[in-house]
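Excluded from the calculations below are hydrogen atoms, water molecules and symmetry mates; all remaining heavy atoms, backbone and side chain alike, are included. We count residues from 1, following the sequence as given.
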Amino acid sequence: MKHKLMIATLSCALCLPAFGQSKEEEKTFIKENMEFAVNQYHLMLQTPPQGKEGKGVMPHSMRKDGTVSKGSIYLWTSGFFPGSLWYLSDYTGNREMKDAALEYTQKMEPVKTFTDNHDIGFMMYCSYGNAKRFAPKAEYDDILIESAKSLCTRFSPVTGVIKSWNSWRSWNDETRFEYPVIIDNMMNLELLFAASRISGDESYKNVAVSHALKTSKYHIRKDGSFYHIAMYDPKTGDFIKGETSQGYSDNSAWSRGQGWAIYGFTVVYRETGDKRFLATAEKAADYYINHPNLPADKVAWWDFNAHQEGFTPGIRSNARKLTANYRDASAAALVASALFELSGYVKGKKSELYLETAKKILHSLGGEKYRAKLGENANFIIMHCTGAIPQNSEIDVPLTYADYYFIEALHRYNKLLNNEPLF
Ligand code: GLY
């Protein structure tokens, strides 16, 4: 495939020193961060399960008292911890990480039949997708296919998109929408492409392409920002309107949503070679990179438009009460990971810009402002993430997915420095 060839030609841009650092210094930076992550996760692995019958097994975030909070395998973030362990094990060869990656991945198997919302792609592809990649076993194929089947139960040929949540009640009033699709859903499509590759059955891929096409039409605004939620009419498939759940206001640009768009459309371009998806990924990336409110360290505020004139949170949203502003390091981490890939699909100055931005983000996150000290931050790696301000939840805390995308970005950068294909 053409796009694979492009990835292989990145070496020129990578010959350029990053921030005055040589290629060897960059490799040392990656190694130090990976080794730190192993040590931090060694401590995380000593922490016991939580909750009723010990069902809280997957590190999720940090409680107010500074201890780790763990979720069940059915929480949307459950796949990230096993996924992080796979990347760490692959990079370092550390036996404890490998054994734990396997153990935590196997805990996820019952999720393969989960159909309550769209998150199964996050859950099963970050865990079993990485297991298949780094330590393949035949049984993983059936698990991934079954997971893809579960996700497809939420697809309607009338709307042409996968329904994210069963309904959504607007922050502004009592309106309840029956077919909400969130931009995060782009991240679930990688599972469907994998299922088609494994099974030879194109129907999973067709669902993914249909979802991505409709999302690229209705979810994006003219300036390259994205609605968090697009509402569709389940009877006609018509787009009704865009709103937000986790952003500042319905017309604002929630930074993690922007990240999901950059990453998701980059994946769909990788899988299809269809330039329309590349164009959407670029628009999404350019919005993030060129935004006047993006701080110099390239770690975005949780919403690009928080507290700005012309942006008003809904009457029930906790964002109305907010006076301080917060960064979202999880958004930056996932944008960095996506940009390492996207830089391989574009040429010249643009490729350099994407690459330099990804490197800048990694160096910011790996620096003392965002990277925790050993044994602190509830044994997570990255600090200063924002989960859901409108819900008054997870504000300025670690989040397992920030760690995952930080580690994935380091893993990708290392491959690029070694002139190895990313996939
Ligand atoms: N997918 C949920 C979130 O980004 O918070």
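When ring centroids are compared, Tyr413 and Phe340 come within the 6.0 Å threshold. Remark: aromatic rings of Phe155 and His211 are distant, center separation not under 6.0 Å. Aromatic rings from Phe134 and His411 are positioned such that their centres are separated by under 6.0 Å. Ring pair Tyr287/Phe304: centre-to-centre distance below 6.0 Å.
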Checklist entry - Where do Tyr326 and His384 land on the ring-ring contact (aromatic ring centres under 6.0 Å, His included) test, with the steps shown first? => result CA-CA 8 Å; Tyr326 296 91; His384 305 308; 9.4 Å; no

Item to check | Criterion salt bridge (charged side-chain N to carboxylate O under 4.0 Å, His left out) on Lys350 and Glu282, from CA distance to verdict | outcome: CA-CA 9 Å; Lys350 197 148 207 192; Glu282 284 184 62; 2.9 Å; yes

Checklist entry - salt bridge (charged side-chain N to carboxylate O under 4.0 Å, His left out) between Glu32 and Arg371: does it pass, once the steps are laid out? => result CA-CA 12 Å; Glu32 194 278 326; Arg371 201 185 85 176; 2.8 Å; yes

Checklist entry - What do the steps show when you test Met124 against Glu146 for side-chain contact (heavy atoms from CB on, under 4.5 Å), and what is the final call? => result CA-CA 10 Å; Met124 296 304 272; Glu146 180 137 19; over 6 Å; no

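Note on ring orientation: taking the six-membered ring where Trp is involved, the planes of Trp168 and Trp165 are tilted (angle from 30° to 60°). Under the 30°/60° scheme for interplanar angles, the aromatic rings of Tyr269 and Tyr345 are found to stand perpendicular. Aromatic ring pairs are classed by plane angle as parallel below 30°, tilted from 30° to 60° and perpendicular above 60°; the pair Tyr405 and Tyr263 is perpendicular. Between Trp76 and Tyr401, the two ring planes are tilted [angle within 30° to 60°].
Salt-bridge formation is not detected for the pair Lys360/Glu356: no Lys NZ or Arg NE/NH1/NH2 atom is positioned less than 4.0 Å from an Asp or Glu carboxylate oxygen. For Asp90 and Arg133, the salt-bridge test fails: no basic side-chain N is under 4.0 Å from an acidic carboxylate O. Using a cutoff of 4.0 Å between basic side-chain nitrogens and carboxylate oxygens, Glu109 and Lys112 are scored as salt-bridged. Taking the charged nitrogens against the carboxylate oxygens, Asp297 and Arg327 do have a contact shorter than 4.0 Å, which makes a salt bridge. The pair Asp274-Arg276 meets the salt-bridge criterion, with a side-chain N (NZ, NE, NH1 or NH2) lying under 4.0 Å from an Asp/Glu carboxylate O. By the 4.0 Å N-to-carboxylate-O rule, Glu271 lies close enough to Arg197 to be salt-bridged with it. Between Lys359 and Glu26 there is no salt bridge, since no side-chain nitrogen of the basic residue lies less than 4.0 Å from a carboxylate oxygen of the acidic one.
Here the side chain of Arg320 pairs a donor or acceptor atom with the backbone of Pro313 at under 3.5 angstrom. Distance alone, capped at 3.5 Å, places no donor-acceptor pair between the Asp141 side chain and the Ile198 backbone. Between the side chain of Trp171 and the main chain of Ser245, a donor-acceptor pair closer than 3.5 Å is present. No side-chain donor-acceptor contact under 3.5 Å links Gln391 to the backbone of Gln246. Of the possible polar contacts, none joining the His118 side chain to the Lys163 backbone as a donor-acceptor pair under 3.5 Å is found. In this structure a side-chain-to-backbone donor-acceptor pair under 3.5 Å is present from Arg221 to Ser252. Remark: the backbone N or O of Ser22 is paired with a side-chain donor or acceptor of Glu25 at under 3.5 angstrom. In this structure, Gln40 contributes its side chain and Gly375 its backbone to a donor-acceptor pair below 3.5 Å. Between the side chain of Asn318 and the backbone N or O of Ile389, at least one donor-acceptor pair lies under 3.5 Å. The backbone N or O of Phe311 lies less than 3.5 Å from no partner atom in the side chain of Ser249, so there is not a single donor-acceptor pair.
Taken from CG in Asn325 to NE2 in His307, the straight-line distance is 4.5 Å, to the nearest 0.5 Å. Residue Ser203 holds its OG atom at 8.5 Å from NZ of Lys149, rounded to the nearest 0.5 Å. Residue Ser127 holds its OG atom at 11.5 Å from CG of Leu102, rounded to the nearest 0.5 Å. Here Lys298 contributes atom NZ and Leu362 contributes atom CG; the two are 14.0 Å apart, rounded to the nearest 0.5 Å.
Among all heavy-atom pairs drawn from Arg154 and Asn117, the shortest one is CD-O, 3.3 Å. Pairing each heavy atom of Asp328 with each of Ser255, the nearest pair is CB-OG, 4.2 Å. In terms of heavy-atom proximity, Ser216 sits nearest to Thr280 at CB-OG1, 3.8 Å. The two residues Thr105 and Ala131 have their closest heavy-atom pair at CG2-CB, 3.9 Å. The minimum heavy-atom distance between Ile382 and Asn377, with the atom names listed, is O-ND2, 3.1 Å.
Side chains of Glu243 and His228: no donor on one and acceptor on the other come within 3.5 Å. Checked by atom type, the side-chain pair Trp260/Asp184 shows a donor-acceptor distance below 3.5 Å. Side chain to side chain, Lys70 and Thr47 meet the donor-acceptor criterion of an N or O pair below 3.5 Å. His60 and Thr77 share a donor-acceptor pair across their side chains, judged by distance under 3.5 Å alone.
Taking a 6.0 Å sphere around CD of Glu368, one finds it holds 12 or fewer heavy atoms contributed by other residues, nucleotides or ligands. For Lys98, the NZ atom sits in a loose shell: 12 or fewer heavy atoms of surrounding residues, nucleotides or ligands are nearer than 6.0 Å. Counting heavy atoms of neighbouring residues, nucleotides and ligands inside a 6.0 Å radius, atom NZ of Lys283 does not exceed 12 of them.
Applying the ring-ring contact (aromatic ring centres under 6.0 Å, His included) test between Tyr404 and each of Trp86, Phe81, Tyr87, Tyr41 identifies Tyr87 as the sole match. Tested against Tyr128, the residues Tyr140, Phe122, Tyr104 include a single ring-ring contact (aromatic ring centres under 6.0 Å, His included) partner, Tyr140.
For the pair Arg169 and Phe177, the NZ or CZ position fails the cation-pi test of under 6.0 Å to the six-membered ring centre and within 45 degrees of the ring normal.
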